[in-house]
Amino acid sequence: MKLSPKAKNAFMIGTLCSISYFAVYIARNILSAVTPQMVEVGYTEEYIGQISALFFVFYAVGQLINGVIGDRIHAKWMISMGLLGAGITNFVFSQISIFPGAAMIVYAMTGFFLSMIYGPMTKVVSENTEPLHATRCSLGYTFASFFGSPSAGLLASFLVWQSVFTVSSAVLVGMSLLGLTFFTIFERRGVVKYGQYKTEKKGLQNVKVLFRHQIVKFSLISILTGVVRTSVVFWLPTYITQYLGFSAKESAGIFTGATFVISLTTFIAVFIYERLGQDMNKTVLIMFISASLFFILTYLVSHPSLNIVFIVLAIMASNGAASMLWSRYCPSLRDTGMVSSATGFLDFLSYMSAATANLIFANAATAIGWGALILVWFALMLVGVIVSLPYGTLAKRFKKG
């Protein structure tokens, strides 16, 4: 079947963005994948937790800053500079990790550089494709983000941890050059254009526009799913090693397989979304209910293999709610002219919650045990259920009754 010109353009933009975001998520998951190796050679979980927490703080604040900048500067420059900067600092971290203070700052800067990518990327997709194509493009790079975790795990299965950082850095630098080249070509061919949608309001009026688009509800969803998709997944290799008793090498292999399955979440979520009549709110509610159920099963079932199955299903369900947020909700803000700013703000909330959770989880795993920590994750998903309830629909039915 021959693609229409609009569909062809969307495919080209979506492919470039997906490949770029794949490189980002390899880099984002490297520290998680190599944590068992680093612990074996003398680094502590607390130290690694502090590094990851600072990374997420810089990433979160960067999303807030770069999201606003991304509504003013062309995506080509934001994305290519972010990838290049992250490639450099990612490599430097692996070379100076024995110097805690310097290593933490350098790795934090990796987070800031990576935060330059998602908001501008979502904006360029939403402004240059039709709504249906924008959702499909968003699905592509959301899938790429989930697929980055098993790729990081695969590298950690075969290479020593410093080499994993080196490979990741090379991929980032390569994608920076590739992205700059192809975005330039797309601009010259008219595939990518900028400034097609502008904000109609100023100052606080912008906030009112976002309130009408359920920004409060989706801010809470961003916080809750951010803890699971970022922090829980980060500690998954350590959880598999310490709580389930596998070796560091076995943990890396299991993490690779588990996160590969998790990477399919986006397609499953969209399949359910379309079967529910493209009802985003109902899909999010079902995902949070499922995540709650699977986390409580993770707590109750101690058999290692079944435990892994249940925690993977719990993460997938939570990520299903996140998929609706990033693949459906954010692109729907195109007409507001604030796609990059709003996306950056939501990502800021997601990663600030993840940074806080990483600090807490690093100590909680020792202080209260992994079992109690699973109950904390279960409680977060219950909050998600409460947030996702259709209060407007229920209120209308109550009035009619």
Side-chain angles (χ1 to χ4, degrees), residues 17 20-32 49-93 101-125 138 141-142 144-145 148 165 168-169 171-173 175-176 179-180 215 218-219 222-223 225-227 229-231 233-234 322 325-326 330 333 338-359:
C17 289
S20 299
Y21 215 51
F22 174 61
V24 169
Y25 263 74
I26 290 179
R28 282 236 4 253
N29 285 280
I30 288 299
L31 184 59
S32 171
Q50 290 172 348
I51 292 174
S52 65
L54 191 60
F55 170 93
F56 288 136
V57 168
F58 271 63
Y59 187 87
V61 174
Q63 287 287 358
L64 197 61
I65 296 170
N66 292 318
V68 175
I69 296 173
D71 276 326
R72 294 164 174 78
I73 295 179
H74 292 179
K76 173 178 72 175
W77 298 113
M78 292 289 288
I79 293 172
S80 60
M81 287 189 298
L83 290 169
L84 178 62
I88 294 171
T89 53
N90 201 45
F91 175 74
V92 171
F93 166 76
M104 290 177 71
I105 295 300
V106 169
Y107 198 66
M109 288 306 302
T110 300
F112 184 83
F113 283 121
L114 291 178
S115 73
M116 297 173 67
I117 295 158
Y118 188 69
M121 184 181 293
T122 303
K123 181 179 177 66
V124 78
V125 166
S138 297
Y141 56 77
T142 301
S145 71
F165 276 99
S168 171
S169 297
V171 171
L172 287 167
V173 173
M175 273 311 307
S176 171
L180 182 63
I215 191 68
F218 283 94
S219 293
S222 178
I223 291 170
T225 59
V227 172
R229 78 187 180 101
T230 303
S231 191
V233 171
F234 178 89
L325 169 64
W326 307 116
C330 288
L333 300 174
M338 295 181 288
V339 172
S340 182
S341 298
T343 301
F345 171 70
L346 291 170
D347 236 2
F348 164 77
L349 294 178
S350 176
Y351 286 100
M352 281 302 291
S353 64
T356 303
N358 254 28
L359 282 176

With side-chain contact (heavy atoms from CB on, under 4.5 Å) as the test, pick out the partner of Ile79 among His74, Met121, Met116, Met175. Met121
Please name the pair of heavy atoms, one in [X] and one in [Y], separated by the smallest distance, quoted to 0.1 Å.
| X | Y | value |
| --- | --- | --- |
| Ala86 | Phe113 | N-CB, 3.5 Å |
| Val57 | Met352 | CA-SD, 4.2 Å |
| Leu349 | Ser219 | CD1-CB, 3.4 Å |
| Ala75 | Val124 | CB-CB, 4.0 Å |
| Ser80 | Ser176 | O-OG, 2.7 Å |

Nearest 0.5 angstrom please: [X] [atom1] to [Y] [atom2], how far?
| X | Y | atom1 | atom2 | answer |
| --- | --- | --- | --- | --- |
| Phe348 | Ile223 | CZ | CD1 | 9.5 Å |
| Ser168 | Phe91 | OG | CZ | 12.0 Å |
| Met81 | Lys76 | CE | NZ | 11.0 Å |
| Ser20 | Tyr118 | OG | OH | 14.0 Å |
| Ile215 | Leu346 | CD1 | CG | 4.5 Å |
| Thr89 | Leu84 | OG1 | CG | 9.5 Å |

With no hydrogens and no angle check, is any side-chain donor or acceptor of [X] less than 3.5 Å from a backbone partner on [Y]?
| X | Y | value |
| --- | --- | --- |
| Asn66 | Gly62 | yes |
| Thr225 | Ala322 | no |
| Ser350 | Asp347 | no |

Tell me, do Leu83 and Leu180 make a side-chain contact under 4.5 Å, heavy atoms counted? no
Are the side chains of Ile69 and Met78 in touch, meaning some heavy atoms are under 4.5 Å apart?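 The answer is yes; the side chains approach within 4.5 Å.
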CA sep, side-chain torsions, deciding dist, call: Phe55, Arg28, side-chain contact (heavy atoms from CB on, under 4.5 Å): CA-CA 9 Å; Phe55 170 93; Arg28 282 236 4 253; 4.0 Å; yes
Take Val92 and Tyr107, measure what side-chain contact (heavy atoms from CB on, under 4.5 Å) needs, and give me the verdict at the end. CA-CA 8 Å; Val92 171; Tyr107 198 66; over 6 Å; no
Applying side-chain contact (heavy atoms from CB on, under 4.5 Å), run through Ser222 and Leu325 and close with a yes or a no. CA-CA 7 Å; Ser222 178; Leu325 169 64; 3.7 Å; yes
